[in-house]
Structures are given as structure tokens and as C-alpha cells.
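Below is one structure, written out as C-alpha cells, with a few remarks after it.
Owing to the predicted nature of the structure, the values given are computational and were not obtained by experimental measurement. So you know, we letter chains A, B, ... as the sequences are listed, proteins then strands, and number each from 1.
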Amino acid sequence: MAFVRICSWNVNSVRARLPLVERLVAERAPDILCLQEIKVETDAFPRAAFRAMGYEHEAIFGQRGHHGVAILSRLALNKSESIDWCGLGDARHISAELPGGIRLHDFYVPAGGDVPDPDLNPRFAHKLAFLDEMIEWAKGLSEPTIALGDFNVAPLACDVWNHKALLSVVSHTPVETERLERLRAAHEWHDAVRAVFTAPQPIFTWWSYRARDWRASNRGRRLDHVWLSPDLAPALVGVEIVEEARGWERPSDHVPVLVDLDLGS
DNA sequence: ATGGTTGGGGGCCAA
């Protein structure tokens, strides 16, 4: 095993973003790609393109039009499975076991709509219920675990461009950030990105498509996360937020998050 | 306070 580079990336359609995934692979060579919002049915996933890039192992859970997650790997993947959060059948989670018995969980947490009130907005209620289910699930975990993906929550004040303004904006409201912290604490996960880019340094992984100039206004949020269970925390070697990918042609609104681990022999 | 853009799938919805 030794060194393993893992990438988490909400690609906002894997078919639309294939050239950018190929560029990332050429330039950064991750061993494992964890994608979210692939927006394609499992059977229509462009497997051949990933095999051509050297990813021979796959765990894919797609869905027509919406959501969808996939793990593509140069290392063997075993016992892949998905949990049906909130019983809706949504393709928002896939997990697989890596060599060495590490379980890797790839999440696409609901965005939650616009209105931050669960009584008025069913999407926000769904997001909170989804996080509540994750908290209960995490309490029962024991194995070495990596949880990553688009959590759609920016937990810290320095994870958004304007903390006070975003306290009432879905993704940074107290009910969400408190839940995310309870989830993290439930398995004592280590936030790999914040272990390297420590607070209060602002770090973002998402910039809206709607900005005239995303780089100039820099109104970003850190919605994408990579968490390591305590036994894996010492394996952390490095992190890169591939911010430049937001400026590539026809970009996703999220950028890749790379985490390097030294898993020893 | 509002609108701004993108992708999928078909003639708007979700993000």
C-alpha cells in the first residue's frame, strides 16, 4: 500500500467533466477518485474512460438526472455497499473496503434548498434528517474509516467568505454546523484539511457559478471534507485543494480535495 | 433585495 493519494470531487456531471477529470489525473495522479453528483445512471457511467486512466476497480451508485456517487480506484475495492439514508432510494452514498481493511465512505449530503427552516422547506428538513441518521450510524462504527465527500456544510467561521452574513444561509446555519460537529465527534474523525490548513485560515472548495468573477469576489465556502478515523490520523502526509481547477474550462463549481496518506506496509 | 450560471432532461427543477 504505502502512499495513497485520495481525491474527493463533486464534479456536477461526470460526463460533462470527463476532460477535467482526465486533466486532474494527468497532473495529480490520485490512486482513488471519489466523485459526487455524477448525474448518470450506474449502467451509463463512462467506465471505459476510467479504465483507460488506470482505474480498474469501481464502486458506482448512479441515478438518472440527479445525485450519484462513484469510487474509482487503482487499488482493489471490496464489499462495496450503499446505505439508503432516509429511505428515499437516493444515490447519495457508496462505500468500499480498501486493502488493509479500511472502509471508505463517499457521501453526497443533500444541499437543503434555499430557506433554512425545516417547517417551511422540505429539502432543509431532509438535510437535517440525513445528518441525524449519519450521527446515529457513526456511533456504531469501530473499523478504520475514511468519510469524505460533499457534506454541503461549511462548519467553521473561516470556512465561508463572510461568517455573519452566512449564518442565515443554508450550508452555514447553526443547526447544520452543530450537526456536522456532532457527526464528526461521534467517531472522533480528524478533519484532514484543517489538520494542514489550520483555522482561522480561510479555505474554500466551492464557488458559485453565479458570480461574475469567482476569483475576484472569492465568495467561497468549504463544503467538501475528508475525515480520518483516529487510527488513520497519523497516516496523514499532505493535503491539496486544487483551487486552480475552478478556473479550468467548463469547470465544476466544486474543486478537487486531495489527501495523501502513508498507510505503511 | 435581487439576480446571477450550470446540467439534465425535455419544455423547468435543483443546485
Side-chain angles (χ1 to χ4, degrees), chain A residues 8-24 33-46 49 60-70 85-86 88-93 106-118 120-131 148-155 159-162 164-173 175-177 180 204-225 242-257:
Chain A
S8 176
W9 194 5
N10 178 325
V11 289
N12 184 20
S13 168
V14 69
R15 289 174 293 186
R17 232 58 73 191
L18 208 42
L20 273 59
V21 174
E22 287 169 342
R23 178 169 176 180
L24 181 83
L33 285 164
C34 301
L35 307 179
Q36 304 90 34
E37 271 205 279
I38 59 175
K39 288 186 170 178
V40 65
E41 277 180 300
T42 305
D43 290 345
F45 188 93
I60 302 165
F61 183 21
Q63 180 175 334
R64 178 182 163 90
H66 296 282
H67 323 315
V69 286
W85 307 92
C86 301
L88 294 172
D90 286 344
R92 293 184 177 276
H93 168 258
D106 183 12
F107 284 97
Y108 176 49
V109 175
D114 290 329
V115 180
D117 182 335
L120 299 175
N121 173 13
R123 296 182 190 289
F124 195 65
H126 175 218
K127 182 179 197 174
L128 299 183
F130 193 104
L131 291 167
L148 57 73
D150 178 3
F151 294 177
N152 264 315
V153 179
D159 291 332
V160 294
W161 66 278
N162 183 328
K164 283 189 179 172
L166 270 76
L167 280 171
S168 59
V169 173
V170 171
S171 73
H172 194 58
T173 65
V175 288
E176 294 169 86
T177 58
L180 200 73
F204 309 140
T205 65
W206 172 91
W207 293 261
S208 171
Y209 281 127
R210 298 175 191 176
R212 280 191 195 86
D213 184 333
W214 70 275
R215 207 188 302 265
S217 57
N218 197 27
R219 296 185 169 188
R221 306 177 201 171
R222 189 172 72 105
L223 303 178
D224 303 275
H225 302 275
V242 190
E243 187 174 325
E244 66 190 69
R246 186 62 179 80
W248 292 350
E249 190 164 339
R250 278 192 87 200
S252 170
D253 44 358
H254 295 253
V255 298
V257 178

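- More than 12 heavy atoms of other shown residues, nucleotides or ligands fall within 6.0 angstrom of atom CG in N218(A).
- Along DNA chain B, the nucleotide nearest V40(A) and the nucleotide nearest G113(A) are compared for position; the residue whose nucleotide lies closer to the 5' end is V40(A).
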* Working for side-chain contact (heavy atoms from CB on, under 4.5 Å), residues I38(A) and R17(A) -> CA-CA 9 Å; I38(A) 59 175; R17(A) 232 58 73 191; over 6 Å; no
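- Nucleotides dA15(B) and dG4(B) place their C1' atoms 13 Å apart, quoted to the nearest Å.
- Closest to the R64(A) side chain, of the nucleotides dA14(B), dG9(B), dG8(B), is dG9(B).
- Across all their heavy atoms, L148(A) and C34(A) have their closest contact at CD1-CB, 3.4 Å.
- Counting all heavy atoms, side chain and backbone alike, P116(A) lies closest to S168(A) at CG-O, 3.4 Å.
- In this structure, CZ in R92(A) is found 5.5 Å from OH in Y108(A), a value given to the nearest 0.5 Å.
- Using a 4.5 Å heavy-atom threshold, the side chains of L18(A) and P46(A) count as touching.
- Taking the P atoms as reference points, dG9(B) lies 22 Å from dT5(B), given to the whole Å.
- As a whole-Å value, the separation of R219(A) CZ from dT5(B) P is 15 Å.
- Contact annotation: the side chain of Q36(A) approaches that of S8(A) to within less than 4.5 Å [non-hydrogen atoms, C-beta and beyond].
- Listed candidates were dG8(B), dT6(B), dA15(B). Nearest to the side chain of R123(A) is dA15(B).
- Atom-to-atom, NE2 of H126(A) to C1' of dA14(B) comes out at 13 Å; the value is rounded to the nearest Å.
- The CG atom of D150(A) sits 10 Å away from the C1' atom of dA15(B) (whole-angstrom rounding).
- Taking atom P in both dG3(B) and dG7(B), the straight-line distance is 22 Å, to the nearest Å.
- Going from atom NE2 of H66(A) over to atom NZ of K39(A) covers 8.0 Å, rounded to the nearest 0.5 Å.
- Contact check of residues 242-256 of chain A against DNA chain B (heavy atom, cut-off under 4.0 Å) returns R250(A).
- Atom CD1 in I38(A) sits about 18 Å away from atom C1' in dT6(B), given to the nearest Å.
- Here the C1' atom of nucleotide dA14(B) and the CG atom of D90(A) are 12 Å apart, to the nearest Å.
- Comparing the P positions of dT6(B) and dT2(B) gives a spacing of 23 Å, expressed to the nearest Å.
- Between Q63(A) atom CD and dC13(B) atom C1' there is a gap of 14 Å when expressed in whole angstrom units.
- To the nearest angstrom, C1' of dA15(B) lies 8 Å from CG of N12(A).
- DNA chain B is contacted by Y209(A), R210(A) of residues 206-216 of chain A, taking any non-hydrogen atom closer than 4.0 Å.
- The heavy-atom pair separating H225(A) from V153(A) by the smallest distance is NE2-O, 2.9 Å.
- Side chains of S171(A) and R221(A): a donor-acceptor N/O pair is present below 3.5 angstrom, by distance only.
- Nucleotide dC13(B) holds its P atom 15 Å from the NZ atom of K39(A), rounded to whole Å.
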